Amino acid sequence: MIKVAPSILSANFVDLKPDIEVAQKGGADLLHIDVMDGQFVPNLSFGPGMVAAIRPITSMPLDCHLMIENPERFVSQFCEAGADIVGVHVESTPHIYRALEMIKQHGVKAEVVLNPGSPVSLIQDVLPIVDQVLVMTVNPGFGGQKFIAQMTSKIQQLNQLRQTGENDFKIEVDGGINDDTVGEVYQAGADIAVAGSYVFNSEDPIAQIKKLKLRTKS
Ligand code: DX5
Ligand code: ZN
């Protein structure tokens, strides 16, 4: 069964706590926090202060997806704020190896993220040091976009690369995940699905989380 990481980008910004509690009650495995700088992506969202504020109100691991230029400037702050996973885009820095090592030095899980236009070959040399790979299945920046179906083959490629036994990473997918798309990403090898609008733009977020899991029950 797939693990589900609800994204607070689609939650109620003026009162996040009830949405976070409902996600946990619904069996969410992680809480996904989208960090945007208005440069790497054309939108602004949360900073490390938000991560620190959320940390004491939930026991779910905090999955921080940094969509910011030169993330090595900020990874320490996110780690110290209480992140359990920090994801950095390979396209956001010439020093991806350094950024990932900085995260690991804090004892936090290091994740490399791939935009839809980036091939798996771009991250091949960092795969041995990452805990997780995040495959973007929409262009990053906004919730509520349509799943890009061609990304399924990228998930399959990554899944094959870990069959060799040389790499040991989880595969997460992000963007356009709903009860129609979750099955195919799971079949392709995804372990974790981020879901924002599907969960929080619903009358019943708990039912939505359960539906995603049921769709992938083998
Ligand atoms: C987009 C973000 C996603 C977003 C997904 O840049 O990385 O995490 O919240 O939203 P949905 O699930 O609505 O596509
Ligand atoms: Zn995200």
Side-chain angles (χ1 to χ4, degrees), residues 2-13 16 19-20 22-23 26 28-48 50-51 54 60-69 71 74-75 78 83-92 103 109-118 132-152 154-155 170-186 190-203 205 207-209 211-213 215-216:
I2 205 153
K3 290 188 171 168
V4 178
S7 165
I8 58 164
L9 195 61
S10 292
N12 179 2
F13 283 13
L16 282 174
D19 281 351
I20 292 170
V22 100
D29 300 279
L30 304 162
L31 190 70
H32 189 79
I33 303 174
D34 286 304
V35 176
M36 304 180 183
D37 68 350
Q39 293 287 330
F40 183 68
V41 289
N43 199 0
L44 291 160
S45 60
F46 317 117
M50 181 62 91
V51 177
I54 292 173
M60 286 184 285
L62 303 182
D63 177 28
C64 297
H65 173 193
L66 306 191
M67 287 161 271
I68 63 179
E69 292 285 354
F74 287 105
V75 291
F78 282 97
D84 295 277
I85 301 166
V86 172
V88 285
H89 274 260
V90 67
E91 308 87 2
S92 68
I103 299 166
K109 287 187 181 161
E111 176 186 74
V112 67
V113 191
L114 271 181
N115 271 340
S118 300
Q132 202 156 293
V133 176
L134 176 56
V135 177
M136 289 308 300
T137 42
V138 296
N139 291 304
F142 303 94
Q145 302 179 81
K146 190 174 179 296
F147 176 77
I148 304 172
Q150 296 96 299
M151 295 304 112
T152 304
K154 202 184 283 187
I155 302 163
K170 299 266 184 273
I171 301 173
E172 183 174 29
V173 294
D174 185 3
I177 299 299
N178 55 39
D179 53 6
D180 276 338
T181 55
V182 74
E184 76 179 78
V185 297
Y186 183 69
D191 306 290
I192 305 161
V194 175
S197 51
Y198 180 75
V199 170
F200 289 118
N201 293 358
S202 152
E203 293 289 299
Q208 301 294 85
I209 294 167
K211 268 195 258 173
L212 292 177
K213 288 180 170 262
R215 281 285 158 119
T216 60

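All ligand and atom numbering here is 1-based and tracks the order in the structure. In this text the structure is predicted, and so the values were computed from the model without any measurement. All residue numbers in this chain count up from 1 along the given sequence.
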For this session: Taking the side chain as every heavy atom from C-beta outward, state whether V35 and F74 have any pair of such atoms under 4.5 Å apart.
Result: no
Exercise. Got a donor-acceptor contact below 3.5 angstrom from the N43 side chain to the G141 backbone?
Worked result: yes
Problem set entry | Among D19, L9, N12, the one residue meeting side chain to side chain contact (heavy atoms under 4.5 Å, CB included) with F200 | D19
Exercise. So among L212, L30, V199, which one has a side chain to side chain contact (heavy atoms under 4.5 Å, CB included) with P6?
Worked result: V199
For this session: Could you find the nearest protein heavy atom to atom 14 (O) of ligand 1 and give me its residue, atom name and distance?
Result: G176 N, 2.8 Å
For this session: List every atom of ligand 1 that sits less than 4.0 Å from any heavy atom of H32, numbering the atoms from 1 in the order shown and giving each element.
Result: 8 (O)
For this session: Specify the protein heavy atom at minimum distance from atom 3 (C) of ligand 1: its residue, its atom name, and the distance to 0.1 Å.
Result: D174 OD1, 2.9 Å
For this session: If you have a sec, work out which protein heavy atom is nearest atom 10 (O) of ligand 1 and how many Å separate them, to one decimal?
Result: G143 CA, 3.5 Å
Exercise. Do other residues, nucleotides or ligands put more than 12 heavy atoms under 6.0 Å from K213 NZ?
Worked result: yes
Exercise. Where is the nearest protein heavy atom to atom 13 (O) of ligand 1: which residue, which atom, and how far?
Worked result: S197 OG, 2.5 Å
Problem set entry | H32 side chain near E172 side chain, heavy-atom distance below 4.5 Å | yes
Problem set entry | M136 and M151, any side-chain heavy atoms less than 4.5 Å apart | no
For this session: Would you mind listing which atoms of ligand 1 come within a distance below 4.0 Å of any non-hydrogen atom of D34?
Result: 2 (C), 3 (C), 4 (C), 7 (O), 8 (O), 9 (O)
Problem set entry | Under 3.5 Å: N/O of G144 near N/O of ligand 1 | yes
For this session: State the atoms of ligand 1, each with its element, that fall below the 4.0 Å cut-off from a heavy-atom position in M67.
Result: 6 (O), 7 (O)
For this session: Could you check atom 6 (O) of ligand 1 against the protein and tell me its nearest heavy-atom contact, residue, atom and distance included?
Result: G141 N, 2.7 Å
Exercise. Could an N or O of ligand 1 be found under 3.5 Å from any N or O of G175, whether backbone or side chain?
Worked result: no
Seminar exercise, completed: protein heavy-atom neighbour closest to atom 9 (O) of ligand 1 works out as S7 OG, 2.9 Å
Seminar exercise, completed: Closest non-hydrogen atoms of V86 and F78, given as atom of the first, atom of the second and distance, are CG2-CB, 4.3 Å
Seminar exercise, completed: H65 heavy atoms within 4.0 Å reach ligand 1 at atoms 7 (O)
For this session: Please confirm whether the backbone N or O of G176 pairs with a side-chain atom of T181, one donor and one acceptor, at under 3.5 Å?
Result: yes
Exercise. Between the main-chain N or O of D174 and the side-chain N or O of T137, is there a donor-acceptor pair closer than 3.5 Å?
Worked result: yes
Exercise. Any N/O of N139 closer than 3.5 Å to an N/O of ligand 1?
Worked result: no
Problem set entry | Distance-only N or O hit between ligand 1 and I177, under 3.5 Å | no
Problem set entry | T152 backbone acceptor or donor facing E184 side chain under 3.5 Å | no
Seminar exercise, completed: Atoms of ligand 1 under 4.0 Å from any heavy atom of V194, numbered from 1 in the order shown, are 8 (O)
Seminar exercise, completed: Counting from 1 in the order shown, the ligand 1 atoms closer than 4.0 Å to a non-hydrogen atom of L9 are 9 (O)
For this session: Identify which one of V182, I192, I177 satisfies the side chain to side chain contact (heavy atoms under 4.5 Å, CB included) criterion when paired with I2.
Result: V182
Problem set entry | Contact check: A195 vs ligand 1, nitrogen or oxygen atoms, below 3.5 angstrom | no
Problem set entry | M60 and its side chain to side chain contact (heavy atoms under 4.5 Å, CB included) partner, picked from I20, D29, D84 | I20
Exercise. With side chains defined as the heavy atoms from C-beta onward, is the minimum distance between P140 and P116 less than 4.5 Å?
Worked result: yes
Seminar exercise, completed: heavy-atom search around atom 1 (C) of ligand 1 in the protein gives F142 O, 3.4 Å
Exercise. Near the Zn ion (ligand 2), which protein N/O/S atoms are found at less than 2.8 Å?
Worked result: H32 NE2, D34 OD1, H65 ND1, D174 OD2
For this session: Would you mind running through ligand 1 and noting each atom that sits below 4.0 Å from a heavy atom of M136?
Result: 7 (O)
Exercise. Do D63 and H65 have side-chain atoms, one donor and one acceptor, less than 3.5 Å apart?
Worked result: no
For this session: Give the atoms of ligand 1, by number and element, whose distance to some non-hydrogen atom of P140 is under 4.0 Å.
Result: 6 (O)
Seminar exercise, completed: among protein heavy atoms, the one nearest atom 12 (O) of ligand 1 is G196 N, 2.8 Å
For this session: For atom NZ of K211, decide whether the heavy atoms of other residues, nucleotides or ligands shown that lie under 6.0 angstrom number more than 12.
Result: yes
